[in-house]
2 protein chains.
Amino acid sequence: MALHSFSTRPLYLQVRDKLAERIAAGQWKPGKFIPNESDLAREFGVSLGTMRRALDFMQEEHLIARRPGRGTFVNDPASDGLLNRFSKICDADGKPLIGRVETTNLIEGRANKAECLRLQLSGQDAVWRMCRTRFYKEQAFMHEEVFLPAKLFPNMDDRSTNRIVALAQQHGVLLGEAHERISMGEVSPQAAETLDIGKGSPIILLDRVVHTINGQPAEWRVGQCRLAPNYYLADMR
Amino acid sequence: MALHSFSTRPLYLQVRDKLAERIAAGQWKPGKFIPNESDLAREFGVSLGTMRRALDFMQEEHLIARRPGRGTFVNDPASDGLLNRFSKICDADGKPLIGRVETTNLIEGRANKAECLRLQLSGQDAVWRMCRTRFYKEQAFMHEEVFLPAKLFPNMDDRSTNRIVALAQQHGVLLGEAHERISMGEVSPQAAETLDIGKGSPIILLDRVVHTINGQPAEWRVGQCRLAPNYYLADMR
DNA sequence: CCAGATTTGTTCGTATGTATC
DNA sequence: CGATACATACGAACAAATCTG
């Protein structure tokens, strides 16, 4: 395999990169079991412990799941457990807000200053721009402006642009960390209309950047949210 | 050491429990180096790998930090890096809001229904109640109501009640996860006065429960926050 | 600046326990 | 019950970072 040659990066991370590549390329499908630890270790020419460490790492990243006695399988990013990974809004019962999503105004253009800053793009890179409206029980509660680096999402059509997790999956992009800035503001005229609230009403602003597992920005979203009677749930360690 | 006897709990977790106990008891002081891996493994009668796993686990929990070539030392929960672990509000530059904190109205009482629910108390447990006001650049931006289980914090005086991290450290309580519910509401009359804003103004509500490393609720806080021009930063994986 | 000692980080190999089918 | 696969535990060796004399 010629791993661990000409590289100072730890071997278990090199193995993880190779394994993640297979998942991203669709060589290993979501929900399907992958070969067991021993076979993988043999194939990659590393020890069982090193392979185990790579797999543990990928489990932390939500790329795979491991079940004693059964095996290791590829996680489906669009499954119930991961679909709302980056949507932290819950209803009064603590359940995630699952509902319809509408996408409009999908267009391509050159990145402006703000997009370059938030998506770490340089100069003349292309971006996709679109709007989304999120519904819960058929009532709109969030209006979003979304920006995607065209480099990561070429040949975009208007199917399944609704959720970043599904979009990323279709384009072979594996998602890692996300950071969201929550603040208060006044609703924009356009958002006021879609949310059906008075002009200049106080609103929650959700400014979020989702990164790939390699740390590259994959989506910038600015949401205007009529939060009540729901709440945003933040976890800390 | 009679570890791993009469217990199905993994050995490395039993070791972690023992080590955490020493830190909680003050036997190992914050900022001080602890014995090296080999000596600890020998002392506890476990292999180097098992001790390493226990230490890795504790590093994830922010209990210790490890430096190649130097050693392993106990983290100070009140140090710069950890002081704002549960305070996710940043100023426009992304820096955490560090400022004065005032505590008032410290009293003890029996837990009411809401306190029982949020702090997982039963029946007749005692709680401490207090109010806090947080300042940034000498301007009040958050009014808090705080509830603590008296079981974890006996003999409370009014020194250093300002921050849960300092309070926990003084009482030998090690903190783990926290969960915060963020919502919008109208400011209460009392909070409106301390924050110097109009009655009934829209406000950010921060409802947070901090747990010990063993998962036991250690603090319930309900904050009313004049967020602008700052923002709340939520991280996701 | 260097050589050597110390400590954590990585990698290997092996054996045994536990969960699932 | 046996076969399979992941989980835990042990032991050993070398590499990389740090400090000291």
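Scope of the values below: all heavy atoms of this structure, side chains included, with no hydrogens, waters or symmetry mates. So you know, we letter chains A, B, ... as the sequences are listed, proteins then strands, and number each from 1.
Within 4.0 Å of A/G71, counting heavy atoms only, lie sugar-phosphate atoms of the nucleic acid but no base atom. Residue contacts for A/S38: at a heavy-atom cut-off of 4.0 Å it reaches no nucleic acid atom on any strand shown.
Checked against D/dA7, C/dT10, D/dA9, the side chain of B/L11 finds its nearest nucleotide in D/dA9. Which of D/dA7, C/dT8, C/dT11 sits closest to the side chain of B/N36 comes down to C/dT8. Of all nucleotides listed (C/dG9, D/dA9, D/dC6), D/dA9 comes nearest to the side chain of B/S47. Of the candidate nucleotides C/dT8, D/dC6, D/dA9, D/dA9 has the atom lying nearest to any side-chain atom of B/T50.
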* Test side-chain contact (heavy atoms from CB on, under 4.5 Å) applied to B/M130 and B/M156, step by step -> CA-CA 12 Å; B/M130 67 182 91; B/M156 186 114 81; 4.1 Å; yes
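Each of A/L121, A/V209, A/L119 was checked for a side-chain contact (heavy atoms from CB on, under 4.5 Å) with A/F147, and the lone residue meeting it is A/L119. Tested against B/F73, the residues B/K32, B/R66, B/K29, B/R67 include a single side-chain contact (heavy atoms from CB on, under 4.5 Å) partner, B/R67.
Shortest non-hydrogen contact noted between B/P217 and B/P149 is O-CG, 3.6 Å.
If you find the closest nucleotide of DNA chain C to A/R53 and to B/D39, the one lying nearer the 5' end belongs to B/D39.
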Between protein and nucleic acid, restricted to nucleotides 15-21 of chain C and to nitrogen or oxygen atoms under 3.5 Å apart, what atom pairs and distances do you find?
none

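The residues A/R53 and A/D56 are annotated as not salt-bridged, no charged nitrogen and carboxylate oxygen being separated by less than 4.0 angstrom.
In this structure, A/R16 is not positioned above the aromatic face of A/F57 in the sense of NZ or CZ being under 6.0 Å from the six-membered ring centre and within 45° of the axis.
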